[in-house]
Amino acid sequence: MKLIEVVKSHNRWRRFECINLIASENVMSPLAESAYLTDMMHRYAEGRPGKRYYQGTKFVDIVELMVSELLSTLLNVNFVEPRPVSGTIANATVFRVLGDPGDRALIAPVQAGAHVSHTKFGTLGALGIEHVEMPFDRDVWNIDVDKAKKMIYEMKPKFVTLGASVYLFPHPTKDIVDAAHEVGAFVVHDVAHVLGLIVGKRWPNPIHEGADVCTSSTHKTFPGPQGGVIFTNDNELYKSISRVIFPWFISNHHLHRLPALAVTAIEMKYFGEDYADQIVRNAKAFAESLSSEGFEVLAENMGFTKSHMIVVDVTKLGGGSKVADELESANIIVNKNLLPWDPPDAVKNPSGIRLGTQEMTRYGAVESDFKEIARFMRELLVERKDVREIRKKVMEFRSNFNEVKYAFKVGHDLMESIKASLTL
Ligand code: DSN
């Protein structure tokens with residue numbers, strides 16, 4: 001197969017033929033995609049606006065300052081560092097500022113969703129910082145606040161990291177902040193999964209609950225280009241972060257992200273609340289539908305979820321790996337996931353799958369559409385209907401969702417003129 005055909009096949013399949021339920025992905029708006037394809041993708045701008053190590057960056061500087069200002073207004077915070085090229089680089093920067101090799105950090109449990117970068121197996125380990133997991137309370141599907149506070153008082157960690165990649169309910173930021181600050185520890189909150197929900201006012205902003213600093217990616221429920229961001233109200237911390245990110249963790253910061261990030265921020269200003277509201281409603285409806293179709297959806301006692309995400313125990317259906325593969329054959333894309341009771345080495349075949357509603361919501365799906373997706377899943381995985389039949393139904397269903405909503409309606413002429421600006 002020729003390269004271009006491989007790429008076209010990917011685009012056709014993932015963009016037009018699949019129901020994407022990967023909770024960490026999304027699609028940009030047409031305008032943001034156009035703004036992504038500019039000459040900035042070829043350039044360097046090491047350093048900060050106005051203090052670069054290269055010439056030729058005067059327009060990049062304007063865009064970068066604009067991004068920081070837009071995000072700082074949207075998030076109602078004082079300082080935004082838009083240079084991390086990913087959420088993991090944002091975490092690496094903040095962890096390095098707050099800890100030295102040999103220090104200790106408390107994190108959410110790995111099996112309950114801590115991101116690999118929070119752990120000794122990932123970025124934290126690369127920095128020589130030890131992780132200690134806070135206990136998890138399965139009755140409330142959250143960090144066990146009392147036990148976590150006790151650990152903070154006893155261990156006096158350098159910092160505590162909240163936030164997770166399985167994130168059904170807000171972590172108890174305020175309680176943890178109070179305890180951490182008593183022992184001189186900082187609180188970092190990784191909001192990568194829920195940034196769009198924070199902007200859309202459907203999830204608490206941890207900075208307003210006392211967290212010292214937030215790290216995030218910019219492409220999950222916040223539907224921007226792939227990249228990262230850090231925000232805080234602490235000027236000293238912000239200055240240290242800006243000194244550490246360059247030159248320690250990035251040289252250039254992939255400048256073509258910036259205009260697309262600015263467009264997404266503006267669109268989220270106008271459409272973010274409606275978008276976040278529908279994402280969360282869809283997640284709840286999807287969980288309820290899956291549960292009525294016979295699936296074991298986690299956290300039923302707590303109303304399943306308050307985010308874009310739901311988690312299903314598929315042990316009885318053969319485990320996360322088998323189920324995720326079967327769903328992929330029917331063009332339903334999900335990821336297998338550890339559940340809180342899985343042993344850590346079950347990563348290759350964990351008991352669960354994780355599902356997110358943010359991308360299909362972006363294409364306009366509402367509660368009744370998620371009911372239909374739950375039915376496809378039952379027909380495939382429980383009734384064991386022919387995968388070809390289900391795939392056909394999935395593709396027919398998906399053909400109704402090709403326009404990105406919650407975004408500016410831009411005419412063909414504007415899009416073409418943006419694309420053509422490359423050749424002016
Ligand atoms: N690996 C991503 C996720 O799926 O949650 C986060 O970076």
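For ligands, and for the atoms within them, numbers begin at 1 and follow the listed sequence. Just so it is clear, the model here is predicted, and its values are computed rather than measured.
Considering Glu372, Glu17, Glu379 as possible partners of Lys393, the one that fulfils the salt bridge (charged side-chain N to carboxylate O under 4.0 Å, His left out) test is Glu379.
Under the salt bridge (Lys or Arg N to Asp or Glu O under 4.0 Å) criterion, Glu296 pairs with Lys316, sequence neighbours left out.
Listed by chain and residue number, the protein contacts of ligand 1 are Ser24, His115, Ser165, His193, Lys220, Arg354 (heavy atom within 4.0 angstrom).
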Using side-chain hydrogen bond (donor to acceptor under 3.5 Å, both in side chains), reason through Gln358 and Thr221 one step at a time and then give a plain yes or no. CA-CA 6 Å; Gln358 71 297 332; Thr221 50; over 6 Å; no

Side-chain donor-acceptor distances from residues 91-114 under 3.5 Å, at least two apart:
from, atom 1, to, atom 2, distance (Å)
Asn91, OD1, Thr215, OG1, 2.7
Asn91, ND2, Ser117, OG, 3.0
Asn91, ND2, Asp190, OD2, 3.0
Thr93, OG1, Ile89, O, 2.8
Arg96, NH1, Gly99, O, 3.0
Arg96, NH1, Asp100, OD1, 3.2
Asp103, OD2, Asp100, N, 2.7
Asp103, OD2, Lys158, NZ, 2.9
Gln111, NE2, Asp342, O, 3.0

Atom pairs and distances, side-chain donor-acceptor, residues 195-204, under 3.5 Å, sequence neighbours left out:
from, atom 1, to, atom 2, distance (Å)
Arg202, NE, Asp277, OD1, 2.9
Arg202, NH1, Gly200, O, 3.1
Arg202, NH2, Asp277, OD1, 3.3

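Ring centroid separation for the pair Phe401 and Tyr363 does not come in under the 6.0 Å cut-off.
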